[in-house]
Novice: 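Below you'll find the structure I mean.
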Amino acid sequence: MGARDKHSEPASILVVDDDRNNRDLLLSRLSRKGYEMHEAAGGQAALDKVTAGGIDLVLLDLMMPEMDGMEVLRRLREQHSPTELPVIMVTASDERADILAALSAGANDYVVKPVDLTILISRVEVQVGLHQAENRLRQLNLNLEERVDQRTVELHQALDTQTDILNGLPAKVALLDNAGKIIAANQRWLRFSCDLGNYDDSGGESDYLAICKKAHCFTDENMPQLVSDLEAVLSGKRRRLIFEHACRADGEERHYNVTLQGRSGAGAIAMHTNITELKQAEQHIEHLAYFDQSTGLPNLRLFTDRVTHFTGIFGPQKKPLAILTIRLSKLGLIKETLGQTAADKSIDLAAQRLAKYTEAGDTIARTGPQEFSILITWFPTTTRVSRLAQQFLTDFKAPLVIENHEFHLSANIGICLFPENGDDPETLLKNVTSAVRQAIAQGGNSYRFFTADMNATAMRRLSLEKKLRRALDNEELLIYLQPQIAMDTGRIEGAEALVRWQPPDGKLISPGEFIPLAEETGLDVPLGEWVLHRACTTLKKMEKNGFPVNPFSLSVNFSRNQMREPKIVEMVDQVLAETSANPRSLKIELLENIVMENVDQLSGVMDAFRERGLGLALDDFGTGHSSLSSLSRFPIETLKVDRSFIIQMTRDPKSAAIVQAVIALAHSMELRVIAEGMDAKEQLAFLRACQCDSVQGFYFARPMPVADFLQLMVEEKTFNTNV
């Protein structure tokens, strides 16, 4: 489904986000798909644009200042239904509570930051398609009503003398007197009995109500009211009656729209129009809303409905239920290697593996891009659920074979039990997400049952995430610099910029606590840009104060999510332009495993960095899967040996051999080597013997505030590297 078709104008999409970069990314990508794009930086601006008209779909950020996304959604739903104005929530949180709250408030769908643009475009296309289909249905009904009015006038004018007109109508038409007897009909009406139920096709039955009863136009529940309404039309007390009915004829289900238009004086004109195709379209639209299009499985919305249904039934009976959520990893590698079709195939194969071990009454759903959930309603004891989880994990150890390539997936499973772990759907789904996170934290291919401690941990994590979002706006972040010492001179030749968080209470929060959270929620992208901006500002300050900035270099770490940003190079250009920093004094550090995940794409980005004069360092070298051939493809000038090897090298021969080999390898390729995490005199002696170029660690200096570092530069501090 595209953004436009030959019969319609391009869909108009409003992007609502207080972050300029986020808006630019979505505006740029969606405009290339042919959509007419609009933007709003806040909630009130968004409401004003919708009120002005012309908006077909809203991409709404959940977290915004002044008026958050939930309040904007609430106000939109006061004026527009989900079919009139689809809303897709864009949230940095994958918490089920947030997602369920948004869906309950009337959101049509959601995507999680960092936004996977392929998934976003797919969901936008689905919602635009639903919206356009709804508009077409609405217009068709209006046209049908206009046609009914037009045909009624024609029948009043010439029914007795122009039966050929009646026979040319697409509907089955009968003229009724005030007693409900058929006094005239077209050929389609005469075949009506065959269409509806094996009656005499001669049209011999003249009682309209009797025909409708035989054709099952009425149900036991609605028949008294419809009969009363029909009599009101025939007697002239009511102008028009419209209803729908379904029936089966010739083994097929058919749907009809019935219009009874009152005649002057008394009686009516009955028109039965076949709307089977429209009903099938409605059913398809409903399927799109409740089922995953790749696997055909229920989606998160339908799975939530199932959980709601069964907890409502089983709660009073105190019968147990179990929810398992299986989160897969490494699917991104399949997509990057073989493309989207192969990635979809891997999802289908994963779903087939899960189905092998479930019972007929269980519900399997695809509840996320790399996530499945299972609702177990039959005998979900702890023993059975544990055995089932272990079967899943064992099965996923076998490789997936796609296009003659073998891929090994990793699975982690969270388990939540009803009613022990919650008595409502929202709590159960939130708690099973906490269990999945704990399974991931304890290592790949594991499962965890939910415990009360997990809930406390989840609450702390949620609180920390909210505080971190505020910290970016409230100037609570700092950069610390850790000197890098040249082994031959003992002088400071560079530094690494490290972010620190100091809330208003003054107590620093460990980077080990908030950096992983930032990477998981996508906050590492704005956080990384902030660090780069501060680092460049520091470089410019050093230059103005006459400090040596060449060959001095200041290193800044870029995360995985940052390197996936389509406009990463443009962002760096903008920061350099705003700060006027010398790019030759700036070095970008990339983790080895990040680079190796997507060699082809990142080599182009790194080439662009080098063209601008930026230095490049490969961090944590030795922990990934780099090879000599791949290293030669990158414009890297520095290798940083992982601190785990530095710590162990004086007491572990294998670590010592690795360090020696890395230094020799780097020098053979004319690369400089920095040993990070150097904390002891014995380590310094070993590194000096290996001819390591530079060291960084607590032995010489801990990370320090910028002012303290600049004081070292003023003093031209020299460290003793001769041991």
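A quick note: this is a predicted structure, and the numbers were derived from the prediction, not measured.
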Novice: Do Tyr357 and Thr394 come close enough that some side-chain heavy atom pair is under 4.5 Å?
Specialist: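 No. Closest side-chain heavy atoms not under 4.5 Å.
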
Novice: Consider only side-chain N and O atoms of Ser559 and Asn561, and report whether a donor and an acceptor are under 3.5 Å apart.
Specialist: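 There is no such pair between these side chains.
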
Novice: Evaluate Phe310 against Ile376 for side-chain contact (heavy atoms from CB on, under 4.5 Å), listing each step before the verdict.
Specialist: CA-CA 10 Å; Phe310 280 102; Ile376 300 177; over 6 Å; no

Novice: Looking only at side-chain N and O atoms, does Arg32 offer a donor or acceptor that is under 3.5 Å from a partner on Ser28?
Specialist: yes

Novice: At their closest point, which heavy atom of Leu472 faces which heavy atom of Pro526, and how far apart are they?
Specialist: CD1-CG, 4.2 Å

Novice: Is it possible for you to check whether Arg123 lies under 6.0 Å from the centre of the six-membered ring of Tyr110, through NZ or CZ, and within 45° of that ring's axis?
Specialist: yes

Novice: Of all the heavy-atom pairs spanning Phe372 and Ile347, show the shortest one and how long it is.
Specialist: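 Shortest heavy-atom contact: CZ-O, 3.7 Å.
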
Novice: Taking the side chain as every heavy atom from C-beta outward, state whether Leu59 and Leu120 have any pair of such atoms under 4.5 Å apart.
Specialist: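 Counting from C-beta outward, Leu59 and Leu120 do come under 4.5 Å.
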
Novice: Salt bridge between Asp19 and Lys113, side-chain N to carboxylate O under 4.0 Å?
Specialist: no

Novice: State plainly whether the residues Arg469 and Asp61 are in salt-bridge range, i.e. N to O under 4.0 Å.
Specialist: no

Novice: If we ignore angles and hydrogens, is there a donor and acceptor under 3.5 Å between the side chains of Arg366 and Thr295?
Specialist: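 Short answer, no.
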
Novice: One thing to verify: whether Arg74 and Glu71 come together as a salt bridge, which I'm taking to mean a side-chain N less than 4.0 angstrom from a carboxylate O.
Specialist: yes

Novice: Pick out which of Thr367, Asp348, Ile364, Leu302 makes a side-chain contact (heavy atoms from CB on, under 4.5 Å) with Leu297.
Specialist: Ile364

Novice: Donor-acceptor pair, distance only, cut-off 3.5 Å: does the side chain of Asp619 make one with the backbone of Leu590?
Specialist: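 Checking the backbone N and O of Leu590 against the side chain of Asp619, no donor-acceptor pair under 3.5 Å is found.
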
Novice: What is the minimum heavy-atom distance between Ala389 and Ile415, and which atoms define it?
Specialist: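 Scanning both residues completely, I find the closest heavy atoms to be CB-CD1, 4.1 Å.
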
Novice: Would you mind reporting whether Ile121 and Arg29 have side-chain heavy atoms less than 4.5 Å apart?
Specialist: yes

Novice: Between Asp18 and Met63, what is the shortest heavy-atom contact and its length?
Specialist: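 Closest approach of Asp18 to Met63, heavy atoms only: OD1-O, 3.5 Å.
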
Novice: Check this for me: does any side-chain nitrogen of one of Glu426 and Lys430 sit under 4.0 Å from a carboxylate oxygen of the other?
Specialist: no

Novice: So, for His38 and Ile55, which heavy atoms are closest and what is the spacing to 0.1 Å?
Specialist: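 Residues His38 and Ile55, closest heavy atoms: CD2-CD1, 3.8 Å.
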
Novice: Can you name the nearest heavy-atom pair linking Phe396 to Arg353, along with the distance?
Specialist: CA-NH1, 3.7 Å

Novice: Show the numbers, then the answer: is there a side chain to side chain donor-acceptor pair (under 3.5 Å) between Glu565 and Asn21?
Specialist: CA-CA 10 Å; Glu565 285 291 301; Asn21 291 332; over 6 Å; no

